[in-house]
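Right, one structure below, let's go through it.
Only heavy atoms go into these numbers, but all of them, side chains included; no hydrogens, no water, no symmetry mates. Quick note on labels: first sequence line is chain A, next is B, and so on, each numbered from 1.
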Number of protein chains: 2
Amino acid sequence: MTRAKPPAKPRRAAGRPARDERDLRAHLLDVALARFARDGIGATPLRAIAADAGVTPAMLHYYFGDKAQLKQAVIDERLLPALAPMRERLAQAGGEPAALAGSFVRGIGALVAAHPWLPPLWVREVLCEGGELREVLFHHLLPSLPQLLAQRFAAAKAAGALNPGLDPRLLVVSLVGLTLFPAAGAPIWRRVFQADDLGPGALLDHTLALLEGGLGSRPSGVSA
Amino acid sequence: MTRAKPPAKPRRAAGRPARDERDLRAHLLDVALARFARDGIGATPLRAIAADAGVTPAMLHYYFGDKAQLKQAVIDERLLPALAPMRERLAQAGGEPAALAGSFVRGIGALVAAHPWLPPLWVREVLCEGGELREVLFHHLLPSLPQLLAQRFAAAKAAGALNPGLDPRLLVVSLVGLTLFPAAGAPIWRRVFQADDLGPGALLDHTLALLEGGLGSRPSGVSA
DNA sequence: CAAAATTAATTAAACGATTAATTGTTGGCA
DNA sequence: TGCCAACAATTAATCGTTTAATTAATTTTG
């Protein structure tokens, strides 16, 4: 056992005060989250997080125990709360495929705007095999959200309101890719095209335009 | 300097023969590529590659020098050759936006079918900030291919053949996301939807159907 | 009410495990 | 016998973690 037990609940009785008025624990969580999103969880040394936060690595063990518990704290106190609003948004979206897709795309857009660390973290730790967030999210977000959306698309297809060539499940996959991938790769595309006008808002508007209007200038399906 | 100089060109003159009739160097490259794609370059110990190949880690240093040179060899002799055919495909595609997009999407589909390691490697090492393949690809693939495609979309837009709400550059981004993301995440979606019919072929067909037909069963833009 | 004891917060230093990289050596083929 | 692929052993660096010492506030005590 360590000398001073890590205070699961910071009891303010006596002792040296935290350096900042802001809770150091919350600050460490934010710094760790930024590093995890940028470099990946496994590739981030605790030394790097400590250096970014201006403390020694021992502080991370003091507040969180070990690295696994730090990861769990980031998940519980940052990632899952950030993802929560998507459920309600999907529940109250309209039944038309365009409205449903638009609501979902706009929901991801709002999520990304509020939490810029989300796309890289998602891409690296969920999409990649062996990602360290996969198992966790499989028990929180993934069993409900995609299937709920797919069921609503399936209902629209049964009602004849959906393009019959589309699969409700694969449509969900396409929508996620259409929104998360460009957001995660925005720095790359800005550099490739040497353009500064490819911000999150432009990406979101463009995705909606593509979904609503299709590729051609004339309504698709009606040739000439 | 090491004792025996690494044979940049495996000169088969004398000495102990390679264990397999197949060139051991090529075999090591394949094994390293598989591990790099599955676990990431930085997260793959040379020990793991050596164990997979049935040799000692010293052999990797013997053939490639250090880990950076092994990475470079994988890039030069596996990744870049695999990506090369996309150039020719794009050059001889039609000028209509739908034909152009379809050719690009089909090209990525063919690429993924021939090299299953491509999506995870791309997602992890190119898309993620700090990815170890970014700088290399910025000097080979990225300066030419996306801009070529964007220019052809721009020409179509000038001719009035493209949905005016679309940006030629962002359309390229969307197409890449629409194809690479579902391919990279296929294992996840198979598990989420508990379905086995979400193979690469189904993904490709679905993406094409979405691009050509849009969301609704009626031509978009013509309401009621 | 000041000095001592107490306790939380923080730092510095070190340990053990793992990894990349190097070095010395062996064994088989020409 | 000369040469070189292959291997074992070693070295150096890095990472997670632990331990002990230090600092600064609160609480207790004389």
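Using the six-membered ring where Trp is involved, B:Trp189 and B:Phe193 have ring planes that are parallel, under 30° apart on the 30 and 60° scheme.
Of the residues in residues 40-51 of chain A, A:Thr44, A:Pro45, A:Leu46, A:Arg47 come within less than 4.0 Å of DNA chain D through at least one heavy atom, sorted by number.
Nucleotide C:dA17 holds its C1' atom 16 Å from the CG atom of A:Asp66, rounded to whole Å. Atom P of nucleotide D:dC15 and atom NE2 of A:His61 are separated by 13 Å, given to the nearest angstrom. The distance between atom CG of A:Leu60 and atom P of D:dC15, rounded to the nearest whole Å, is 14 Å. Straight-line distance from the CG atom of A:Leu70 to the C1' atom of D:dC15: 15 Å, rounded to whole Å.
Of the side-chain N and O atoms in A:Tyr62, one or more sit less than 4.0 angstrom from OP1 or OP2 of C:dA9.
In the set D:dA8, C:dA9, C:dA20, D:dA8 carries the atom at the smallest distance from any side-chain atom of B:Ala58. Side chain of B:Lys67, nearest nucleotide from C:dA21, D:dC7, C:dT10: C:dA21. Minimum atom distance to the side chain of A:Met59 is reached by C:dA9, of the listed C:dA9, D:dT17, C:dA20.
The side-chain hydrogen bond (donor to acceptor under 3.5 Å, both in side chains) analysis of residues 26-40 of chain A, with sequence neighbours excluded, yields the pairs A:Arg22-A:Asp30, A:Asp30-A:Arg78, A:Arg35-A:Asp39, A:Arg35-A:Asp52.
Looking at residues two or more places apart in sequence or on another chain, you find no salt bridge (charged side-chain N to carboxylate O under 4.0 Å, His left out) involving B:Arg47.
The pair A:Arg191-A:Asp196 does not meet the salt-bridge criterion, since no charged nitrogen lies less than 4.0 angstrom from a carboxylate oxygen. Under a 4.0 Å N-O distance rule, the pair A:Glu125/A:Arg134 does not qualify as a salt bridge.
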